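Reminder, nothing fancy here: chain letters follow the sequence lines and each chain counts from 1. All figures in this text were calculated on a predicted structure; none of them were measured in a lab.
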Amino acid sequence: MSALAPNRIARLRLDRWAIALVLVAIYLVGLVLSPSAFGNPVYLLNTVRQVTPVGIAAIGVTMVMIIGGVDLSVGAVISMTVVLSAALMDGAASNMPLAIAVACCAGILMGAINGALIAFSRVSPFILTLGTGIALIGLTQMFTGGTARGAVAPGFREVFNARLGGTLPVLALFLLGLTAVGLVIEKRTLLGRHLFLLGSNAQAARLAGLPVRGITIAAYTLSGLFAALAGLALLARSGVSSTQAGQGMEFQVLAAVVLGGTTFEGGRGGIIGTVIGVLVLGLAFNLVNVMGLPYHAQLVVMGAIIIAASALYGQLGGAGN
Amino acid sequence: CAQSVDALREAKASEIVDTAPFVKEGPYRVGVSAGYLSNSWVIFALQQLRWEASKHDVEEIIVTDAAFNPAKQISDIEDLLRQDIDLLIYWPVDDASVEDVLARAIADGVPTVQAGGGFTASDSTVANAYISQWKLGEMVARQLVKDMGGEGKVVAMLPIAGTVAAVEQLAALETVLADHPGIELAAVEYGDWNRAKAKQITENLLQRFPRIDGVFSPAGQMSIGMAEAFDEAGRLSEVTFSPGDEFNGWLKWVAQHGQGGAVTFPTKAGSVALQVGLDILQGNEVKRGLAVASEYIAPTDIGDYADMDAPDDWWATDLPAEFLPQQ
Amino acid sequence: MPLLEAHNLSKHYAGVAALTEVDFSADAGEIHALVGANGAGKSTLMTIIAGANTPSEGTLSLDGVPLRHGGPAAAQAQGIATVYQEFSLVPHLSVARNIFLGREPVTRLGLVDRAGLIAQTCALLDRFAITLDPMAEVGTLSVAQQQMVEIARALSQPARILILDEPTAVLSLAEQENLFRIMRRLRADGMLVLYVSHYLNEVLEIADRITVLRDGRIVGTRKAKDLQISDLVQMMIGRDAPVAPTAADSPERAANFVITYATHAGQQELTMQAGEIVGLAGLVGAGRTTFGRAIAGLHRPGAIATLTHEGALLNNSTPRQAMRAGIAYLTEDRKKDGLFAGLDIVANATAAALPRTTRGGFRRPQVERAQAEAVLKRLHLVAARLGMPVAQLSGGNQQKVVLGRALMTEPRLLICDEPTRGVDIGAKAELHQIIRDLAANGAAVLIISSEFEELQALAHRIVVMRDRCFVADLPVGQADQQEMLIAASGGPTEKETA
Amino acid sequence: MSGAVAQPGQMGIAFGRAGIWIALSVVLVVAGALLPQFRDPENLANIGRQIGVLGILAIGQTFVIAAGAIDLSVGMLAGLVVVLTCALSPEYALLPVMLAMMCLGAGVGVLNGVMFTRLRLNPLILTFGMMSVLHGVIFIITDRSIGRAPSFLRDLANGQMWGVPFAAMIVLALGIAGHVALTRSKFGYHLLATGGNTESARRAGIPTRRIFVLAFALSGISAALAGLLLAGRIGVGFPLAGQGLELDAIVAVVLGGTALSGGRGSVARAIAGVVLLAIISNLLNLMQVSGFAQTALKGMIVVIAILVNQPPKDRA
Ligand SMILES: Nc1ncnc2c1ncn2[C@@H]1O[C@H](COP(=O)(O)OP(=O)(O)OP(=O)(O)O)[C@@H](O)[C@H]1O
Ligand SMILES: Nc1ncnc2c1ncn2[C@@H]1O[C@H](COP(=O)(O)OP(=O)(O)OP(=O)(O)O)[C@@H](O)[C@H]1O
Ligand SMILES: [Mg+2]
Ligand SMILES: [Mg+2]
């Protein structure tokens with residue numbers, strides 16, 4: 001019996017926390033370049049508020065990616081819930097519960113459809129969810145006829161954008177709460193363990209008698225639900241519905257999840273990493289913005305940060321091919 | 001330079017075009033190639049066009065949507081030409097990109113009319129029903145300078161980088177500011193006609209600049225996002241907003257806050273385009289460019305335009321009920 | 001001068017020393033075997049020689065000339081051909097393309113000569129009397145057939161050294177005999193064959209010299225003819241061999257399992273008693289795995305197994321249902337559908353029995369851990385921590401974890417497909433004892449094995465399968481190896497089953 | 001990528017390979033029978049023109065996907081080529097510009113490939129980052145349409161001979177070359193092996209890193225070629241010209257039955273996928289389906305097509 005040497009344990013920790021190191025590094029760079037911004041809690045919490053929609057959606061997508069899938073339809077689901085809930089609210093506070101409930105159900109339905117199609121076939125989830133996402137965008141546009149219908153109920157935006165004690169935004173709390181929910185699912189429930197088992201080895205999971213299809217559907221359904229909640233958060237943030245609200249968000253979400261150490265192969269990673277990944281992207285975007293780089297330079301820097309951060313992570317032994 | 005471009009444009013616009021090769025008997029089939037449809041202004045302009053068509057001898061309107069993809073728009077126009085249309089109305093993703101295919105349309109005897117924000121002087125566009133983004137930008141900039149008293153630090157929020165709208169609005173702003181050295185253009189950002197994005201960018205601008213005196217934002221959609229960011233940062237009082245367009249959400253905001261105002265970006269450009277097209281088909285005298293004028297609405301007069309019961313994503317309009325977009 | 005010489009080789013994996021200061025030499029024209037317990041470092045040494053692995057320290061030389069490390073391609077170019085312990089085939093490609101991977105013949109146009117490729121493959125397979133379809137996609141072949149593809153690939157190279165890392169673990173008797181013939185022929189041609197195996201009797205039969213590794217160090221190199229199995233075991237594990245196991249007595253005939261197997265060839269039946277261990281023998285591709293998987297709910301067209309227990313029909317329509325009905329299946333391909341490689345030991349062991357440890361959908365990690373620990377203790381698992389990734393365990397210990405998973409479901413019928421493949425002799429005896437205990441506690445056990453000794457040691461009854469049919473059913477006392485081979489390969493048999 | 005995996009049944013493959021051809025035939029027959037405008041040779045020529053850019057992109061993408069990676073940067077790369085070609089053409093001769101663009105494409109591809117193999121990055125994330133970088137570079141060059149495509153490219157993209165558009169001929173020629181390279185050349189053999197199981201290929205002595213770099217380089221070159229044709233098609237250096245092309249190309253490749261997990265792939269079927277998408281888009285236009293409904297239908301068609309055209313089933 002060979003005992004494990006201590007440096008192996010240290011190394012494992014390093015793998016897991018690589019993305020946190022990246023976060024700290026970016027933060028320190030920000031602090032040096034713009035102490036007034038990055039030293040200011042109001043500013044930092046505002047960054048959290050900005051990334052809330054992406055962050056919430058990323059929690060759901062993490063669960064899907066743990067089982068080795070991927071969900072590119074989240075952008076479309078976000079757009080759909082934004083439009084749908086605004087249309088149902090129709091400017092009246094009394095409609096709010098109904099609108100929120102329907103939006104969540106729509107997200108769940110879309111997720112369940114994705115999950116069922118994937119569970120009962122052998123198609124690539126990447127292309128399948130790309131397809132269902134495109135279809136959903138079209139359906140949303142048909143529903144609206146091109147103008148964003150409806151209006152946000154009074155108070156909806158105000159409540160979510162309020163700052164408790166003048167610093168802590170309610171939206172950030174919303175993200176925190178949903179992160180906690182996601183963490184409980186991941187770490188403490190049967191489903192959470194099933195996600196990892198299925199993602200680690202689908203064949204073995206089937207042989208071990210796990211309800212593979214049920215797990216798949218559950219994961220995608222959760223992704224749909226979290227995307228719907230992200231849509232509500234986005235509606236709260238932007239205050240207006242738009243058929244393009246979630247356009248392209250799926251790639252930000254994907255970048256964050258992968259940065260956080262959840263791989264496309266599945267079986268590893270987790271929500272903590274994802275949330276840190278989201279924050280890395282948020283801080284990076286703010287950093288280039290605060291530095292006053294023009295729009296196009298921002299794109300270059302963003303791309304470079306995504307590559308560099310995941311390269312650093314890969315070098316530390318985490319992701320990779 | 002940009003100013004002279006506009007002058008040149010006006011000169012070119014007053015040319016009389018040769019309609020002889022296109023004259024035809026009705027009823028007409030009209031093809032509409034939209035560069036994009038997922039935008040409420042465009043939807044209203046299209047409804048204006050349909051409304052106008054209902055008053056004339058138009059048998060069918062066929063609409064395609066290129067969803068911002070210039071190559072798809074070329075394909076769309078090719079496909080429209082295969083459906084025996086008599087008139088092609090389009091608004092381009094990019095005006096130069098459709099030139100070749102429009103030339104083929106003309107060779108097929110189908111006149112081409114551009115609708116919306118741009119003016120194209122090329123031979124492959126027979127006529128334009130246009131709103132000058134440059135003029136609009138200039139009006140907005142002048143009003144802003146006036147409201148600010150010619151002093152202070154300004155940030156500009158433009159639509160998608162690279163679009164005609166973004167290019168001409170910026171050119172107009174820079175031209176106006178050249179005469180007003182007291183005003184400093186601190187930052188130019190692109191909010192993609194996206195309220196949430198404009199808001200996020202503004203939040204960062206607020207962090208970057210301890211003081212911002214003015215906002216140049218001709219698109220009302222983005223102006224609201226910006227206003228929310230200023231509001232949430234508790235800094236709404238320090239800033240002067242430029243006029244936006246007739247985006248209903250913005251009009252409502254102006255009505256509530258009594259500042260900013262609006263410069264119209266009339267959706268009736270759609271019906272004007274159809275009229276011009278029909279004039280060509282009927283051999284009437286047609287100028288190469290028919291400008292649909294923008295006008296300034298002061299905050300005090302906004303009440304006539306803002307529809308407090310309609311959604312934000314809505315435009316001041318005189319469309320009859322049956323032609324209103326679905327709500 | 002020895003053909004191959006290793007001097008002072010060491011290999012460290014993040015804190016684990018797989019090899020420590022190994023000095024090793026082997027000559028042309030010999031079959032040199034390497035033995036050692038699981039994790040002793042045999043494969044590590046082989047992969048380093050094959051160029052697929054870089055040593056942390058030390059040098060290798062060929063004919064006295066130092067080998068520079070240049071990856072597998074360089075090693076191949078210098079005449080080293082390798083059959084790796086883990087599969088190294090590309091499943092989507094055909095047998096022919098796999099065999100000549102990287103060395104495809106080309107036509108004058110510079111394109112791959114497809115006809116030539118097939119022809120060369122056929123010639124090679126004929127020369128070594130290997131029966132394989134050159135056009136078949138490798139992924140569709142059985143494990144044993146895939147192993148033969150790997151061997152054929154190694155043989156297709158002009159080599160001076162052939163490395164075989166546990167080649168016979170998945171082979172059945174006939175292939176094994178053929179392989180030994182081939183090895184002797186290569187030896188006669190002056191080649192060095194490096195041979196890793198856990199089957200000590202095989203090793204003693206075929207090898208000229210034997211090197212024993214323990215914990216990454218060389219214990220010694222001896223002439224095979226000077227050695228007995230007991231000496232080898234002594235060298236490998238540092239103590240005497242475990243007591244040779246014998247077959248247990250037949251149990252009371254009780255609670256019947258009747259298994260009906262429907263194939264294209266028709267329906268047949270197999271009965272088993274609770275407490276009985278039935279061995280399933282057969283040559284490669286006889287269809288034993290397919291049968292076992294069908295019982296466990298992994299049916300495929302033309303292989304449907306239904307079963308009754310005391311007359312009551314059990315639902316085995318899916319693996320999940322089968323598991324609920326008390327049927328557990330231990331896979332022959334641990335890596336592919338046994339292990340959750342990235343997860344820790346507890347997660348692996350409890351995977352099938354998780355609902356038993358949860359309350360209201362919420363996990364109770366302590367309960368999980370305690371239950372896993374209890375089972376794994378019974379199996380004498382050797383691991384530093386229960387929280388370590390299962391992939392870091394040695395093969396035998398991995399097998400124990402997978403077996404532990406099956407035991408946690410408390411099965412009434414356990415199907416073990418090649419349960420001790422790639423497991424060292426010490427662990428093997430332990431696994432055998434566990435299976436016996438399980439049967440003694442009332443479970444019916446079906447053992448699929450290509451190793452006659454294993455079946456003889458464990459089973460009460462041996463069923464022989466040929467071409468998807470049960471062709472003989474013998475009490476273990478009456479089954480001798482000769483007779484089983486005849487039955488398995490299609491000769492006349494004494495007792496035919498229904 | 002682990003040991004011996006997927007165990008496809010023969011039936012599944014046979015159908016998987018035929019799937020795209022069946023779909024294409026069905027759509028052709030039905031459309032030809034029901035819509036006279038569709039049969040119109042001019043309309044068919046239009047479709048031929050419309051497959052040019054995507055067809056070329058799909059060829060390059062097939063190589064990368066068959067190698068087990070993916071390249072999201074090709075759309076923006078093509079867009080960059082469009083902008084540069086149009087910007088440079090007025091001043092420089094056509095041939096040097098085209099050569100420079102091919103070098104640019106190859107360079108970006110090699111950069112992708114080297115980063116992929118050396119930094120062990122996930123290809124999706126790597127090329128997504130590269131896409132963002134290229135997007136930025138385009139806008140550093142220009143934020144508006146610039147220049148004019150040389151007339152040669154414009155004629156190439158829009159012209160035809162004997163009723164067959166040049167664009168279709170180019171796709172056909174490159175497609176045959178790509179198909180032969182993937183199915184008959186040593187490089188193709190080694191690429192499919194690398195995609196099927198990288199470690200096995202490496203152990204067989206295949207320089208897998210070089211294979212990946214070459215695959216990405218091919219993808220970059222095909223993006224450059226597609227960009228040149230796209231420049232001819234739209235005639236002007238529009239900065240966003242390439243946006244979204246990468247996803248369409250990937251969809252086409254997958255419709256053609258190439259698995260995203262690598263190891264399988266067919267250039268011919270990828271091009272069939274492109275043709276199918278072009279025909280569907282053409283049909284929806286001819287049938288006057290509204291733009292929004294077209295989007296919805298396109299998504300549903302992708303879903304149905306991949307459900308019908310599934311990868312082969314694993315051994316139970
Ligand atoms: N990639 C790796 N990372 C970390 N440790 C490894 C790795 N590969 C092997 N080891 C460790 O190195 C040691 C030697 O392993 P090796 O595979 O050489 O043993 P072996 O003698 O071939 O055993 P077996 O009989 O089970 O095949 C073991 O402790 C194993 O856990
Ligand atoms: N009932 C059946 N119907 C159709 N095909 C079968 C059937 N049984 C077995 N086969 C085929 O025969 C081949 C060998 O079967 P299998 O792997 O079950 O044999 P095995 O005896 O376990 O051999 P090995 O020694 O290789 O483990 C498989 O490829 C399988 O497809
Ligand atoms: Mg080994
Ligand atoms: Mg078997």
Side-chain angles (χ1 to χ4, degrees), chain A residues 1-16 66-68 119-120 181 183-215 218 261-263 265-270 316-320, chain C residues 12-18 39 215-216 293 296-298 318-324 327-331 333-343 346-348 350-355 357-365 368 382-385 388-390 392 394 397 402 405-406 409:
Chain A
M1 167 174 174
S2 62
L4 290 174
N7 65 343
R8 162 172 275 193
I9 294 165
R11 197 181 156 81
L12 280 178
R13 292 246 169 86
L14 204 59
D15 293 354
R16 194 166 304 164
I66 288 173
I67 67 164
F120 287 92
V181 171
L183 272 177
V184 168
I185 295 176
E186 177 193 317
K187 303 258 187 234
R188 283 281 170 257
T189 65
L190 182 60
L191 176 64
R193 174 51 69 76
H194 277 171
L195 294 177
F196 280 95
L197 290 170
L198 178 56
S200 174
N201 187 339
Q203 290 258 50
R206 200 156 107 80
L207 260 181
L210 305 195
V212 170
R213 288 180 171 152
I215 300 168
T262 306
T263 64
E265 290 76 35
R268 59 162 113 163
L316 286 171
Chain C
H12 308 282
Y13 288 110
V16 180
D215 293 338
R293 290 171 82 97
L298 287 157
T318 63
R320 185 169 171 74
Q321 295 296 348
M323 194 143 267
R324 286 187 166 168
I327 304 166
Y329 173 76
L330 199 60
T331 171
D333 193 340
R334 195 167 58 224
K335 195 168 163 193
K336 190 181 135 215
D337 51 23
L339 287 180
F340 299 102
L343 303 183
V346 175
N348 267 278
T350 55
L354 267 180
T357 68
T358 58
R359 189 189 286 144
F362 284 89
R363 282 172 51 215
R364 290 179 296 169
E368 248 170 53
V382 179
R385 297 175 291 121
M388 74 190 259
V390 77
Q392 286 172 10
S394 74
N397 282 312
V402 181
R405 180 193 307 157
T409 65

In terms of heavy-atom pairs under 4.5 Å, which option from A:G192, A:G199, A:A204, A:A205 contacts chain C the most? A:A204

Highest number of heavy-atom pairs under 4.5 Å with chain A: which of C:R405, C:R364, C:R363, C:Q321? C:R363

Taking atom CG of A:L197 and atom CD1 of A:I66, what is their separation to the nearest 0.5 Å? 11.5 Å

Give the minimum heavy-atom separation between A:G267 and A:F196, together with the two atoms involved. O-CD2, 3.5 Å

Looking at every heavy atom in both C:A322 and C:A296, which two are closest together, and how far apart are they? CB-O, 3.4 Å

Heavy-atom contact with chain A under 4.5 Å, split by part of C:Y329: side chain

Distance, nearest 0.5 Å, that separates CG of C:L343 from CZ of A:R193: 7.0 Å

What part of C:T350 is in contact with chain A, defined as an atom under 4.5 angstrom from a non-hydrogen atom: side chain, backbone, both or neither? side chain

Quick one: what part of A:V212 sits under 4.5 Å from any heavy atom of chain C, side chain, backbone, both or neither? neither

Counting only heavy atoms closer than 4.5 Å, note whether C:A341 contacts chain A via side chain, backbone, both or neither. backbone

Separation of A:H194 NE2 from A:I67 CD1 (nearest 0.5 Å): 12.5 Å

Quick check for you: to the nearest 0.5 Å, what is the distance between A:L190 atom CG and A:L195 atom CG? 9.5 Å

Side chain, backbone, both or neither: which part of C:T331 has a non-hydrogen atom closer than 4.5 Å to chain A? side chain

